[in-house]
Amino acid sequence: MRSPIRKTLSQHNVLRKLANRELSRKGNRTFDRSNAQEKFRGFELCDGALDTHDPKASHLRLSFLKKRSKITEIVAAKDIIFALAASGVCVAFLRGPKENANQRLCFLNISPCEVIRSLFFNKANNSIITVSVYKEDNFSSLKCRSTPLEYIRRQDAAAGFSLFESESLRYPGFVEFDDVNGKVLTYSAADKIYKVWDLKNYEHLYSIHDNNIYEIKISPGIMLLIYQKAPDGGHVPLKVLSIETGSVLQSFKHQLHRSKKIDFIEQFNEKLLVKQENEPLQIIDIRTGTRTEVASSQFMTPSAFIFLYENQLFLTFRQRSVAVWNFRGEKVTSFEDHTLWHPDCNTNNIYITSQQDLIISYCKHNPSESDDEDPDSNLGSINVSNILNGKSLARVRARPGNENDRAALEDVTALFYNEERNEIYTGNNDGRVHVWSNLHPPGSSKSASSSSKPAPAPVFQVTAGTSLEGSSAGGSSAGAAASAIASLAVPSLAAIAADGEALRSEARGRLTSSESGT
């Protein structure tokens with residue numbers, strides 16, 4: 001007869017296993033994959049594109065603000081969609097309950113000569129932050145503004161307020177918004193001071209005075225200070241600071257090959273990633289000093305990273321390829337159908353879900369499925385893949401003969417997935433935003449835009465940072481060869497470098513002779 005103690009332990013173990021199965025991510029992966037397939041299976045293009053171009057917008061004084069230009073960034077907060085065009089115009093739309101009930105709420109350009117360069121949705125206080133430059137100072141410095149969503153709904157964007165007015169954010173100054181730690185990092189080039197602010201109420205927390213800092217990287221709970229290389233090039237001094245207090249947690253030197261340039265230095269929790277030109281990737285545990293090397297033939301310098309904090313993994317982007325690595329230096333995922341459309345890793349076309357299990361991107365057509373007689377084979381598609389195993393879950397393509405679908409999937413320049421509404425928003429070269437939604441849930445008799453072929457999966461975005469030229473530039477400052485980036489749905493870093501000279505040159509080419517005297 002089984003003893004009562006053994007019986008009790010057995011019951012306890014069974015209950016614990018059941019609880020672990022229900023609560024753990026691993027136990028639910030099969031369900032998650034099935035759920036994701038169903039979630040995206042019926043996606044179709046909704047009627048009525050959202051147009052950022054308004055030639056009658058009389059309050060926009062600069063001529064290039066009145067010209068139609070491509071969408072560079074899309075951010076959604078509940079039922080409000082923010083679309084930023086390359087010209088610097090930003091428009092807020094209200095997504096109505098019906099597909100034809102969309103409404104343009106307002107322009108976020110509250111000044112006639114304001115050029116908005118980047119957006120950040122601050123979930124800590126339910127507001128949208130715009131980072132802008134102005135003709136009044138020759139587009140030479142960044143100005144930040146916070147506008148609560150309630151004011152946007154009232155169509156009163158001017159009711160927002162300015163941020164960091166005490167800081168001179170001229171080049172090479174910058175501002176960086178850190179969702180992970182709830183902090184903002186600014187660098188004032190005039191006085192060479194870094195400041196850390198609270199993201200919820202924008203209170204100044206502490207300052208860092210050090211003229212020898214080359215770059216700062218932010219990771220959960222800590223900041224990595226990277227200093228100028230030693231005069232002989234033999235090492236680089238590094239410091240790890242508490243993000244909450246600014247106190248120094250650790251100081252050390254990392255040895256370098258004197259004659260090789262540094263491709264990147266990245267920090268992820270206690271892991272330090274260092275790569276020099278034509279040298280192996282080094283992964284160092286700064287607590288124990290343990291070092292792992294990955295041959296340069298296996299790990300080539302990527303153009304960008306996305307750190308997956310929940311899964312202790314990181315994504316690398318190189319040309320059109322995406323790969324997933326762990327911190328033992330092992331590639332854990334290669335994607336079966338996720339070849340990015342843009343070779344320059346435009347992270348505004350990439351979305352990572354908040355659970356960090358799915359990647360949604362604008363991708364090239366799978367060559368193995370190409371049909372020379374298919375007129376849509378040269379169009380891109382919206383691909384959904386599982387990050388943990390690389391499986392293709394869904395792909396949104398143009399329906400045969402549907403010209404609206406074709407137009408919406410041509411030249412996609414920005415992408416965003418609204419997880420609350422289960423909708424995908426894509427922007428094009430013509431300044432329009434298109435909405436893709438599950439119009440016919442599973443069980444509907446109407447066919448969906450997703451392919452029904454028995455393929456490996458049904459056919460179905462870090463911003464990271466945006467430089468003043470409008471390109472992706474994640475990480476703590478501009479110029480990093482490979483930077484930590486993340487989409488706005490992931491705990492994200494949105495870094496904006498104040499490269500004023502480049503923008504002034506761009507603006508001078510756009511300004512007409514009449515505007516130069518405005």
Side-chain angles (χ1 to χ4, degrees), residues 171-174 176 185 187-189 191-194 208-219 222-241 243 246-305 307 314 316-319 325 327-329 345 465 467 472-485 493 495 497-499 501-502:
Y171 180 80
F174 65 83
E176 176 173 333
L185 175 67
Y187 175 62
S188 176
D191 49 19
K192 299 182 179 180
I193 296 177
Y194 296 86
I208 302 173
H209 303 258
D210 197 328
N211 294 338
N212 295 319
I213 295 175
Y214 175 72
E215 193 173 6
I216 293 182
K217 301 287 185 178
I218 297 180
S219 188
I222 60 174
M223 288 193 299
L224 175 70
L225 274 54
I226 304 172
Y227 287 83
Q228 301 285 347
K229 286 197 300 183
D232 63 357
H235 70 270
V236 56
L238 303 169
K239 278 185 183 179
V240 178
L241 273 59
I243 191 73
S247 59
V248 178
L249 303 177
Q250 188 174 354
S251 297
F252 56 101
K253 299 176 182 178
H254 180 76
Q255 300 301 313
L256 299 172
H257 292 274
R258 287 182 170 84
S259 59
K260 301 293 182 69
K261 75 177 185 71
I262 298 175
D263 286 344
F264 63 81
I265 298 178
E266 295 289 343
Q267 178 78 25
F268 179 91
N269 294 340
E270 72 279 3
K271 303 296 185 182
L272 182 70
L273 281 64
V274 181
K275 178 80 169 61
Q276 289 187 258
E277 184 180 23
N278 300 323
E279 292 295 325
L281 168 67
Q282 296 181 350
I283 303 175
I284 303 103
D285 190 314
I286 61 175
R287 297 177 305 176
T288 64
T290 305
R291 183 185 305 253
T292 301
E293 290 195 351
V294 185
S296 58
S297 59
Q298 296 177 335
F299 187 96
M300 291 179 283
T301 301
S303 57
F305 293 91
F307 288 125
F314 62 96
T316 59
F317 299 84
R318 181 177 171 84
Q319 297 175 345
W325 301 77
F327 288 92
R328 296 187 298 275
C345 182
S467 72
S472 173
S476 298
S477 61
S483 305
I485 58 175
L493 301 179
D499 189 356
E501 186 56 43

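- Under a 4.0 Å N-O distance rule, the pair Lys217/Glu215 qualifies as a salt bridge.
- The backbone N or O of Lys239 lies less than 3.5 Å from no partner atom in the side chain of Ser251, so there is not a single donor-acceptor pair.
- Closest non-hydrogen pair, Ile208 versus Ile213, comes out as CG2-CD1, 3.8 Å.
- The side-chain heavy atoms of Leu224 and Ile265, taken from C-beta on, include a pair separated by under 4.5 Å.
- Every salt bridge (charged side-chain N to carboxylate O under 4.0 Å, His left out) that Lys271 has, sequence neighbours left out, goes to Asp285.
- Annotation: Phe305 is in aromatic contact with Phe264 [ring centroid separation under 6.0 Å].
- Side-chain contact, Asp210 with Tyr227: a donor N or O sits under 3.5 Å from an acceptor N or O.
- Here the rule is side chain to side chain contact (heavy atoms under 4.5 Å, CB included) with Arg291, and of Val274, Ile283, Leu272, Ile284 only Ile284 fits it.
- The heavy-atom pair separating Ser296 from Lys275 by the smallest distance is CB-NZ, 4.3 Å.
- A pairwise comparison of heavy atoms in Lys229 and Lys260 identifies NZ-O, 4.1 Å as the closest pair.
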side-chain contact (heavy atoms from CB on, under 4.5 Å) assessment of Val236 paired with Gln255: CA-CA 7 Å; Val236 56; Gln255 300 301 313; over 6 Å; no

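- Considering every non-hydrogen atom in both Gln267 and Phe307, the closest pair reads O-CE1, 3.9 Å.
- Counting only heavy atoms from C-beta outward, the side chains of Gln282 and His254 approach each other to under 4.5 Å.
- Within the model, atoms CE of Met223 and CD1 of Ile218 stand 6.5 Å from one another, a figure rounded to the nearest 0.5 Å.
- Phe268 and Phe327 have their aromatic ring centers within a separation under 6.0 angstrom.
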Test side-chain contact (heavy atoms from CB on, under 4.5 Å) applied to Leu185 and Phe174, step by step: CA-CA 8 Å; Leu185 175 67; Phe174 65 83; 3.9 Å; yes

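- At a threshold of 4.5 Å between non-hydrogen side-chain atoms, the residues Tyr214 and Leu225 do not count as touching.
- Within the model, atoms CG of Asn278 and CE of Met300 stand 11.5 Å from one another, a figure rounded to the nearest 0.5 Å.
- Side-chain polar atoms of His257 and Glu277 form no donor-acceptor pair below 3.5 angstrom.
- When side chains are defined from C-beta on, Leu241 does not count as touching Ile222, because their heavy atoms never get closer than 4.5 Å.
- The shortest heavy-atom contact between Arg318 and Pro302 is CB-CA, 4.3 Å.
- The two residues Ala189 and Gly173 make their nearest non-hydrogen contact at CB-N, 3.9 Å.
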